[in-house]
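Residue numbers run from 1 in the order of the sequence given.
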Amino acid sequence: MGGGIIVRIGATLILLGFAVLFTLAALGSNDILLRALNIPTMRPFFADLRTVPSVEQIALMDDIRAPNPSDPWGRAFNYPRIWIYLLQPFRVCGDPYSCFGGLQVLIYLSLVGTLIWRIGSTIGVVAILLVSVSPPITLLLERGNTDGLIFALVLMAVCRAGSFTTPFLIALAAGLKIYAVPALVVVYRPRDRLKFLMALAVTSPLLVMTFADLATIFAATPVSDRISYGISSFALLLGKLLRSVTGSSLSGELLLALSATAFLLTVLAAYRPFRATYLRLAERAKFAPLERSILLVFGIIFLSTMLVSGNWAYRIVFLGPIAVLTANWLFEAKEVFPPDRQFLAGFAMVQFGAFWSFLAPWGYLLFNAAALVAAALLLPLVALIVADQLSS
């Protein structure tokens, strides 16, 4: 039996063990998995889905974005309103939130299991497993957050590439969660303009309904400095650190400017010494359509969400395919320039460090910082690939 088969069998057994322990936690029998991964649990399970009111509850509410009496914690509903109707069929289960959340977990674990056996490299199997059972992704599944479904749609759009299929799936994802819309820009091809427009036309009712509600969705979405990442979250974190050291803090606008400045300085610090490496990696991606799509689609979504706001930790799932790709690049090449190997090793370490930093002391601080550095290292590569695409 080859080493690759042994690794795949081992990864499958670990994934099955993860599924069993997660099921026990969901049933309230044993939280050993969540405690081991330092996940702040909320009971009942699938808490984020529980912000979605039923059609009957909407009739009793003056504002569906107000604090929600149907949510056990009174949080405001901050998803596009289409989710109210998507959950209706699951009410035949008695508890629609548990039914939908459980289905999402099943889809996610099935997707990971399929990738374990279909991906070509052994290191890719290990990388997928490290991402898939990491604390932020476990948090996503525990909260039942719909980012899991959006991730699955975007992954399908990349893997089942087509001039109509790809923009259709991404537009559908954008209608369900707004942050996916920047990916439409990088999948547009002038030669496929008609099919692209057809995909937008089919999804336009959903897109219009969602984007008409954009301001109220943002207003109802909180920003945290704890289990989150992004420019806004990093600014809040800077303010907390300043208060703990000096007893006072700066204005929110100044903290946000400092956060953005820290990000830009990190971009420059990475690009200047590794400019040749970035150019070589961009050239490599130019002749590898799947790798190029992963970097463009997932990179644009990850970067746009990080730069626009603060995001709860589980949204780092969009960095996962890029982390797996980076690990493959690092280990598969027999002859790599030393600077390229150094860069890829550092990039991989930062990315996988972000996925597992919850376990370290000051883990949430490390998570936020690692996500910011990972985004800064990724930005020049994505920018070079986009520039090459526009020029061609």
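- Contact check for I39 versus P135: side-chain heavy atoms found under the 4.5 Å cut-off.
- A distance of 9.5 Å separates CD1 in I385 from CD in E291, rounded to the nearest 0.5 Å.
- Between M42 and R50, every side-chain heavy-atom pair lies at or beyond the 4.5 Å cut-off.
- Checked against the 6.0 Å centroid criterion, the rings of F263 and F234 do not qualify as a close aromatic pair.
- Ring pair F298/F151 is tilted by interplanar angle, where 30° to 60° counts as tilted.
- Y314 and D147 form no side-chain donor-acceptor contact under 3.5 Å, judged by distance and modelled atom types alone.
- In this structure, F352 and F355 have tilted ring planes: the angle between them lies in the 30° to 60° band.
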Please walk me through it: do I231 and M306 pass side chain to side chain contact (heavy atoms under 4.5 Å, CB included)?
CA-CA 6 Å; I231 292 293; M306 206 214 81; 4.0 Å; yes
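- Hydrophobic cluster membership is shared by V52 and I82, with clusters built from Ile, Leu, Val, Met, Phe, Trp and Tyr side chains linked at under 4.5 angstrom.
- Cluster membership check: V133 shares its hydrophobic cluster with L359, using side-chain heavy-atom separations under 4.5 Å among Ile, Leu, Val, Met, Phe, Trp and Tyr.
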What's the verdict on side chain to side chain contact (heavy atoms under 4.5 Å, CB included) for L296 and Q389, showing C-alpha distance, side-chain angles and the deciding distance?
CA-CA 10 Å; L296 281 178; Q389 180 167 299; 3.2 Å; yes
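- Between F46 and F22, the two ring planes are tilted [angle within 30° to 60°].
- Below 30°, between 30° and 60°, or above 60°: for Y278 and F343 the angle between ring planes is above 60°, a perpendicular geometry.
- Proximity of a side-chain donor or acceptor of S357 to a complementary backbone N or O of A354 within less than 3.5 Å is detected.
- Hydrophobic clustering (side-chain heavy atoms under 4.5 Å, transitive across Ile, Leu, Val, Met, Phe, Trp, Tyr) groups I32 together with L34.
- Residues S121 and N328 have side chains that bring a donor and an acceptor to within less than 3.5 angstrom of each other.
- Hydrophobic cluster membership differs between L268 and L379, with clusters built from Ile, Leu, Val, Met, Phe, Trp and Tyr side chains linked at under 4.5 angstrom.
- Hydrophobic clustering (side-chain heavy atoms under 4.5 Å, transitive across Ile, Leu, Val, Met, Phe, Trp, Tyr) keeps L200 apart from V185.
- The main-chain N or O of T51 is found under 3.5 Å from a side-chain atom of N68 such that the two form a donor-acceptor pair.
- Judged by distance alone, the side chains of Y179 and N311 never bring a donor and an acceptor atom under 3.5 Å apart.
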Derivation of the side chain to side chain contact (heavy atoms under 4.5 Å, CB included) call for L237 and Y229:
CA-CA 10 Å; L237 192 59; Y229 71 96; over 6 Å; no
Test Y188 against F196 for ring pair (Phe, Tyr, Trp, His ring centres under 6.0 Å), laying out the working first.
CA-CA 7 Å; Y188 172 74; F196 184 89; 5.0 Å; yes
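- In this structure the side chain of D48 never reaches within 4.5 angstrom of the side chain of T146, judged on heavy atoms.
- Counting non-hydrogen atoms of neighbouring residues, nucleotides and ligands closer than 6.0 angstrom, the CZ atom of R81 reaches no more than 12 such neighbours.
- Atom-to-atom distance recorded for R315:CZ and F302:CZ is 12.0 Å, nearest 0.5 angstrom.
- Counting heavy atoms from C-beta on, the side chains of I84 and P53 come closer than 4.5 Å.
- For the pair D213 and R65, the minimum side-chain heavy-atom distance is below 4.5 Å.
- Within the 4.5 Å cutoff, side-chain heavy atoms of L258 are placed close to those of L250.
- Between L109 atom CG and L106 atom CG the span is 7.0 Å, to the nearest 0.5 Å.
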Between L295 and L378, does the side chain to side chain contact (heavy atoms under 4.5 Å, CB included) criterion hold? Intermediate values first, please.
CA-CA 9 Å; L295 287 166; L378 177 62; 4.2 Å; yes
